[in-house]
Protein chains: 2
Amino acid sequence: MDDLEKRLRKINKSSVIPVYYQLARILERSIRLGQLKSGESLPAENKIASICGISRMTVRRAISELVDLRLVSPQKGKGTFVTGYELDHTVFEFYDFFKEMRRRGKKPSSELVNVKIIKAGEKIAEKLDIPLNTKTLAIKLVLKADGYPMAYEEKYIVYEKQNPIIESEIRDPSLPSLVSSHLHKLPVNSCRILHVTIIDEQVAILLNTKPRTPAFLVEQILYDKDNVPIGWGKSIYRGDKYKLVSYDGLNLLSRKEGGITDYE
Amino acid sequence: MDDLEKRLRKINKSSVIPVYYQLARILERSIRLGQLKSGESLPAENKIASICGISRMTVRRAISELVDLRLVSPQKGKGTFVTGYELDHTVFEFYDFFKEMRRRGKKPSSELVNVKIIKAGEKIAEKLDIPLNTKTLAIKLVLKADGYPMAYEEKYIVYEKQNPIIESEIRDPSLPSLVSSHLHKLPVNSCRILHVTIIDEQVAILLNTKPRTPAFLVEQILYDKDNVPIGWGKSIYRGDKYKLVSYDGLNLLSRKEGGITDYE
DNA sequence: TAGTGGTCTAGACCACCTC
DNA sequence: AGGTGGTCTAGACCACTAA
């Protein structure tokens with residue numbers, strides 16, 4: 001408590017480092033190192049402001065960073081309280097295949113397995129909330145990084161015959177861009193579901209791997225602004241080539257969250 | 001452009017809904033519905049302020065929400081620009097087993113498979129960065145929800161003989177709390193890795209499932225404030241009972257990110 | 001030089017909570 | 001009534017960018 005006050009007084013108002021940033025780091029350290037314990041409250045905003053000799057708005061800016069980090073939660077009329085220890089809450093970021101590969105410095109490409117106009121079967125009809133046998137554009141792709149097969153993807157969108165199918169768009173593995181270019185409807189909401197699955201024999205051949213190995217399955221449903229489903233896709237990522245990584249904690253360098261990375 | 005101005009003028013300063021919130025939603029809609037396109041810039045902060053008749057600080061508060069949503073990225077001296085279409089960036093939240101089950105309204109429990117002091121083998125020695133054969137506390141658990149086995153967990157921490165092992169702490173499936181109670185060292189950083197795997201025969205028996213079915217494998221490494229590893233654990237979650245769900249997009253109700261959910 | 005975003009101030013009023 | 005966080009203002013100075 002008293003200890004914290006000492007540290008608060010060390011804030012350097014004429015530093016190039018912003019005051020709100022210095023303050024946020026002081027408070028973050030105090031919490032993460034256990035000097036401010038879960039359930040305790042921070043000093044009042046006005047008190048911090050007067051201790052540090054800064055404006056209350058600057059204090060609030062610092063505290064809002066701690067709120068974003070879920071270290072602290074303010075309660076109107078009462079105070080700002082340190083929340084429970086948060087190393088057991090993790091966030092995994094997940095990017096589209098092309099973005100992810102570019103991020104990793106690898107060259108993404110896609111190979112068309114086939115494109116068909118099909119009549120919606122039970123599963124597709126349910127996912128897209130359309131009648132059975134509605135004409136549906138079905139696209140199957142193998143996704144590669146530096147020419148090496150990494151993932152397999154199936155995408156389904158309702159077919160509009162007036163719109164030609166452009167191959168370059170089909171090969172782009174982003175369902176949102178495909179949907180918006182074919183349907184001229186904007187996907188505004190998206191739901192993604194991450195499952196585990198086992199690679200079957202057909203996909204194993206396409207991915208040049210053994211059947212019955214485990215894999216990530218990412219399902220994506222896109223909705224327009226009226227929450228009508230307009231596209232559905234599933235992607236199978238080789239389990240031997242992917243993992244999702246996430247870092248949490250004090251050190252700034254490791255705060256950056258990871259995404260899919262090589263698994264070796 | 002002109003259209004946006006019209007909407008900006010509609011802001012109601014005497015509403016119970018905060019001005020910054022109204023403004024953030026107007027800008028968010030304009031971006032998500034494609035009226036403000038990727039690469040375009042928002043009106044300058046001062047301009048928005050004068051159009052709406054509000055303070056620049058309030059405008060900044062609104063824009064900072066869009067930054068958090070990754071819809072927009074401000075550039076010093078130039079302007080604030082709409083970023084690329086972001087339905088292809090997903091965040092999966094992941095909670096500890098106990099927290100997750102309570103969130104779902106199920107009663108979590110754990111069953112000890114065994115607790116041993118072992119000599120670190122190659123794998124553990126490498127993960128914890130300790131010499132081979134160092135005494136290590138090894139804990140194996142089955143995690144249950146409403147009595148039904150859902151996950152299997154192994155945890156390893158360096159053994160300190162002066163600290164007794166308390167069963168209630170062992171059964172708590174949170175590695176951070178286990179480490180801090182046994183070692184009296186605070187875990188300050190955490191690294192989690194999400195893999196896919198296949199359940200082997202021994203685990204299949206414990207989880208009352210068939211062997212060779214797919215599962216999530218979550219690895220966690222904990223570090224103290226000097227970035228020395230102080231605990232390692234792996235958890236295997238039944239692939240038929242888990243999925244990670246995430247919603248993105250315009251609608252407020254669906255903005256809330258999902259976690260692990262039942263898979264039926 | 002003019003315009004932009006980044007930081008910061010010193011107030012203000014409010015709703016909420018506790019006493 | 002007094003303290004707390006939530007919102008908002010009307011300025012200010014700065015560093016950066018572009019013409």
Side-chain angles (χ1 to χ4, degrees), chain A residues 1 4-5 8-27 31 36 39-83, chain B residues 1 4-5 8-27 31 36 39-83:
Chain A
M1 212 46 117
L4 177 59
E5 226 179 286
L8 290 178
R9 288 187 200 287
K10 284 200 180 142
I11 281 186
N12 179 357
K13 298 214 297 181
S14 55
S15 162
V16 277
I17 299 164
V19 172
Y20 76 86
Y21 186 87
Q22 296 179 50
L23 176 54
R25 296 295 78 78
I26 288 173
L27 295 172
I31 294 168
L36 270 170
E40 286 182 9
S41 76
L42 261 45
E45 296 174 352
N46 274 320
K47 187 163 185 206
I48 295 180
S50 73
I51 290 174
C52 300
I54 60 178
S55 155
R56 185 180 156 221
M57 282 301 274
T58 306
V59 176
R60 283 183 64 72
R61 165 95 194 250
I63 289 178
S64 89
E65 287 207 356
L66 303 185
V67 173
D68 289 346
L69 292 170
R70 300 175 186 252
L71 288 171
V72 114
S73 94
Q75 287 174 43
K76 221 190 295 191
K78 291 165 75 174
T80 299
F81 298 89
V82 177
T83 59
Chain B
M1 219 32 126
L4 176 62
E5 226 179 285
L8 290 179
R9 286 187 202 288
K10 283 198 182 143
I11 280 185
N12 179 355
K13 297 214 295 178
S14 54
S15 163
V16 276
I17 299 164
V19 173
Y20 76 87
Y21 187 87
Q22 297 178 51
L23 176 54
R25 296 294 79 78
I26 289 173
L27 294 172
I31 294 168
L36 269 172
E40 285 182 9
S41 77
L42 262 46
E45 295 174 355
N46 275 318
K47 190 169 182 199
I48 295 179
S50 73
I51 289 172
C52 301
I54 60 178
S55 153
R56 185 180 155 219
M57 283 301 274
T58 306
V59 176
R60 283 183 64 73
R61 165 97 194 247
I63 289 177
S64 88
E65 288 206 355
L66 304 185
V67 174
D68 289 346
L69 292 170
R70 297 176 189 252
L71 288 171
V72 114
S73 94
Q75 286 173 42
K76 217 191 293 191
K78 290 163 76 172
T80 298
F81 298 88
V82 177
T83 58

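Here is how names work: the chains are called A, B, and so on, in the same order as the sequence lines, proteins then strands, and each is numbered from 1. All values below come from the heavy atoms of this structure, side chains included, with hydrogens, waters and symmetry mates left out. Just so it is clear, the structure is predicted and the values come from calculations on it, not from any experiment.
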A.B. asks: Mind listing the closest non-hydrogen atom pair of B:Ser55 and B:Ala49 along with its distance?
C.D. replies: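 That would be C-CB, 4.1 Å.
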A.B. asks: For B:Val72, run the side chain to side chain contact (heavy atoms under 4.5 Å, CB included) check against B:Leu27, B:Leu36, B:Thr80 and tell me which one passes.
C.D. replies: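 Among B:Leu27, B:Leu36, B:Thr80, the one meeting side chain to side chain contact (heavy atoms under 4.5 Å, CB included) with B:Val72 is B:Thr80.
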A.B. asks: Below 3.5 Å between N/O atoms, which protein atoms pair up with nucleotides 16-19 of chain C? Just atom names and distances, please.
C.D. replies:
none

A.B. asks: To the nearest Å, give me how far apart CG (B:Asn46) and C1' (D:dC13) are.
C.D. replies: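 Whole-Å distance recorded here is 14 Å.
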A.B. asks: Taking A:Gly53's backbone N and O only, do any of them form a donor-acceptor pair with A:Lys13's side chain (distance below 3.5 Å, no angle check)?
C.D. replies: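 Yes, A:Lys13 side chain to A:Gly53 backbone: donor-acceptor pair under 3.5 Å.
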A.B. asks: I'd like to know if the side chain of B:Gln22 and the backbone of B:Ile17 have a donor-acceptor N/O pair within less than 3.5 Å.
C.D. replies: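 Pair found, side chain donor or acceptor close to backbone of B:Ile17.
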A.B. asks: A:Ile48 CD1 to D:dG5 C1': how many Å, rounded?
C.D. replies: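 That distance rounds to 12 Å.
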A.B. asks: Given A:Leu4 and A:Ile26, is the side chain to side chain contact (heavy atoms under 4.5 Å, CB included) satisfied, shown in steps?
C.D. replies: CA-CA 8 Å; A:Leu4 177 59; A:Ile26 288 173; 4.1 Å; yes
A.B. asks: Distance-only, no hydrogens or angles: does the B:Ser41 side chain make a donor-acceptor pair with backbone N or O of B:Phe81 under 3.5 Å?
C.D. replies: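 Looks like no, no N/O pair under 3.5 Å.
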A.B. asks: Using whole Å, report how far NZ of B:Lys47 lies from P of C:dA2.
C.D. replies: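 Rounded to the whole Å, the gap is 19 Å.
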A.B. asks: Whether the side chain of B:Glu45 engages the backbone of B:Arg60 through a donor-acceptor N/O pair (distance < 3.5 Å, no angle test) should be reported.
C.D. replies: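 Not at all, since once roles are kept as given, no pair shorter than 3.5 Å links the two residues.
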A.B. asks: CD1/B:Ile11 to CZ/B:Arg25 distance, rounded to the nearest 0.5 angstrom?
C.D. replies: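 Interatomic distance, B:Ile11 CD1 to B:Arg25 CZ, rounded to 0.5 Å: 11.5 Å.
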A.B. asks: Taking only nitrogen or oxygen atoms into account, show me every contact under 3.5 Å that the protein makes with nucleotides 7-11 of chain D, one pair per line with its distance.
C.D. replies:
residue: D:dT7; atom: OP1; partner: B:Tyr20; partner atom: OH; Å: 2.8
residue: D:dT7; atom: OP2; partner: B:Arg61; partner atom: NH1; Å: 3.0
residue: D:dT7; atom: OP2; partner: B:Arg61; partner atom: NH2; Å: 3.2
residue: D:dC8; atom: OP1; partner: B:Val19; partner atom: N; Å: 2.5
residue: D:dC8; atom: OP2; partner: B:Val19; partner atom: N; Å: 3.4
residue: D:dC8; atom: OP2; partner: B:Tyr20; partner atom: N; Å: 3.3
residue: D:dT9; atom: OP2; partner: B:Ser55; partner atom: N; Å: 2.7
residue: D:dT9; atom: OP2; partner: B:Thr58; partner atom: OG1; Å: 2.6
residue: D:dA10; atom: N7; partner: B:Ser55; partner atom: OG; Å: 3.4

